[in-house]
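Contents: one structure, followed by commentary.
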2 protein chains.
Amino acid sequence: MSEADFIIRLRGIATDPAARGLADDVAEWEGLVLTHDMIVEGIHFLPDDTPQDVAWKLVAVNLSDLAAKGAAPVGVLVGYSLGDDEWDAAFVEGLDLAMRRFGVILLGGDTVRVPAGAPRSFGLTAIGRAPPGGAPSRSGVRPGDQLWVTGSIGNAGLGLAMRLGQEEANETCLAAYRRPQPQLTFGQAVVPHVHAMMDVSDGLLIDAQRMADASGCEFVLMLEAVPLSAALLAVRPDVVDTRLAAATAGDDYQLLFAADPGAAGAIRDIAAGLNVLATPIGHAGVGAGIVLTHRAQRIVLPERLGFTH
Amino acid sequence: MSEADFIIRLRGIATDPAARGLADDVAEWEGLVLTHDMIVEGIHFLPDDTPQDVAWKLVAVNLSDLAAKGAAPVGVLVGYSLGDDEWDAAFVEGLDLAMRRFGVILLGGDTVRVPAGAPRSFGLTAIGRAPPGGAPSRSGVRPGDQLWVTGSIGNAGLGLAMRLGQEEANETCLAAYRRPQPQLTFGQAVVPHVHAMMDVSDGLLIDAQRMADASGCEFVLMLEAVPLSAALLAVRPDVVDTRLAAATAGDDYQLLFAADPGAAGAIRDIAAGLNVLATPIGHAGVGAGIVLTHRAQRIVLPERLGFTH
């Protein structure tokens, strides 16, 4: 069963409105935003990633879901598979570092020992306070909305290729893969202005398609507007293929959001004030699916829009 | 690193009072009680346990932690490893059944696909409302307190032996292993009367020792008072070895609690009203550790008091 098919089944039993039909990465319940994400060795991280990096990623991917709801993070519960002593100790160190960095407390959790040789998996539940106006969903986009993305896209995907020795390494891309930075502060600041928001974890195009589908809109995305970092453009030419690769790579943990064009000034001010890049990359219209353009030329969508699990 | 050593390290970074020093199975935060437990194939359940039973156990072991704090359960988030289609569908069915039985909603979660052949592991975060007077810890026992346990002890351990074909099966013990029943209603009702409460998951003796240690008390336990079911005594003679085996078997998910002897009448009334067995099994004194007696004779503690992970 694919993850999507399984979630369809789970939806049948997640009938409380707090669960948001399991369509939104988080639950919102009594002013709290709750999320639970797992990472598995060999799937979400490499067996030789450092334990500090694995711990960081476990915290960051969950807090990124809170960031996308404009939530202020509070605490985490961790499900941990014991490994060898050195690894475990370094994991705790990385967990501590990430929790301090993002200002969350360790509320609890559980540890288990998996059979020898089994891949290790870790789970984390993150709890935050919903913003005063409630957490935005991914289904609130309205035709005419401007579509925005924070930060740079594709750095982490290239960083993974560097980790695998397929590319000459540079620090910016490696860091994006190793230590993703959830956009918590920006998410909380921008949330009053957005109609919909989600984090980009599986690839910009696939996540944009999910938002378009959930909202019943068409998204027109300008590939040339997708923000690529100088670090990425230092090793890749600025051509359509580079931009398609970046827009279908995963692990960005940036925010994708939709807002009324009239909010653009306020959004730019927030971004400037927080020193966060926020870039308009297209708009929503009446219709369905993704239309991709590059310098006003329509581009055929790649077969693979990002990661599906 | 053992689970205990790892938790000692985690404690160093779980400095917020809400985490209760990771010493209490749950966190208490702003009127909520939160817990996260994992179960792993081959460790906490058998590869050929039915998916419905695995789902039930995942819910029940977490809600048992809430029961032990007198909390009213609200919702769960589930971390799920995908398997084959039939198994996954049956798991959802079991999850639904358990959630309906215990009145909790599915708030969210995550699904991952583990590499082929890897043991599957599942995590669950349960959230409940703390009782008005706050959640009791396991460290509040006072010398002179009476020690109580709910239900029968040892059924699930014998049920596991039956599942493994080591014993002729009977329904009561098999059901105790397959479908543990967290004592949620009794926990909420009795909580105003207890000084300390925890669930018995790793074995009555080891869990009693943990409560004695946490409270800085000695526990004197009368082995002959430990409640054994008719189903257990139908296949085992009522001798010291039978009682020691029951008191060191795991998976009971009964409640162990300490209360002033003056509260005994109220506790008996609550138990009678809810049709739950509640049995005094000893008392707390000044000192440390466990003293075990059988018909007023002191018994040497077995080397293994229960499961350690």
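Excluded from the calculations below are hydrogen atoms, water molecules and symmetry mates; all remaining heavy atoms, backbone and side chain alike, are included. Chain letters run A, B, ... following the sequence lines, proteins first and then strands; every chain starts at 1.
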Problem - Minimum side-chain heavy-atom gap L95(B)-V59(B) below 4.5 Å - result: yes

Handout entry: Validation row: W56(B), Q181(B) side chains within 4.5 angstrom (heavy atoms)
Key = yes

Measure distances from [X] to the heavy atoms of chain B and classify the residue's part below 4.5 Å as side chain, backbone, both or neither.
X      : result
L10(A) : both
V40(A) : side chain
V74(A) : side chain
L34(A) : both

Out of [options], return the one with the most heavy atom pairs under 4.5 angstrom to chain B.
options                           : result
D16(A), V114(A), I39(A)           : D16(A)
G117(A), G108(A), A14(A), G83(A)  : A14(A)
G75(A), G42(A), G12(A), G79(A)    : G79(A)
G109(A), P115(A), A18(A), S121(A) : P115(A)

Exercise for the section: Fit a plane to each ring of W87(A) and F122(A), take the angle between them on a 0 to 90° scale, and name the class: parallel (under 30°), tilted (30 to 60°) or perpendicular (over 60°). Expected result: parallel

Fill in the blank from the handout: When the 4.5 angstrom heavy-atom criterion is applied to E28(B) and chain A, the contacting part is neither

Problem - chain A contact via L107(B) - side chain, backbone, both or neither, heavy atoms under 4.5 Å - result: both

Completion exercise
From the list D88(B), D110(B), T111(B), side chain to side chain donor-acceptor pair (under 3.5 Å) with Y80(B) holds only for D88(B)

Handout entry: Salt bridge R129(A)-E30(A), side-chain N to carboxylate O under 4.0 Å
Key = no

Handout entry: Salt-bridge contact R210(B)-D213(B) (side-chain N to carboxylate O under 4.0 Å)
Key = no

Exercise for the section: Output the option from S81(B), A27(B), G123(B) having the highest count of non-hydrogen pairs under 4.5 Å with chain A. Expected result: A27(B)

Problem - Single hit among D207(B), D25(B), D251(B) for side-chain contact (heavy atoms from CB on, under 4.5 Å) with S201(B) - result: D207(B)

Exercise for the section: Consider only side-chain N and O atoms of Y177(A) and D49(A), and report whether a donor and an acceptor are under 3.5 Å apart. Expected result: yes

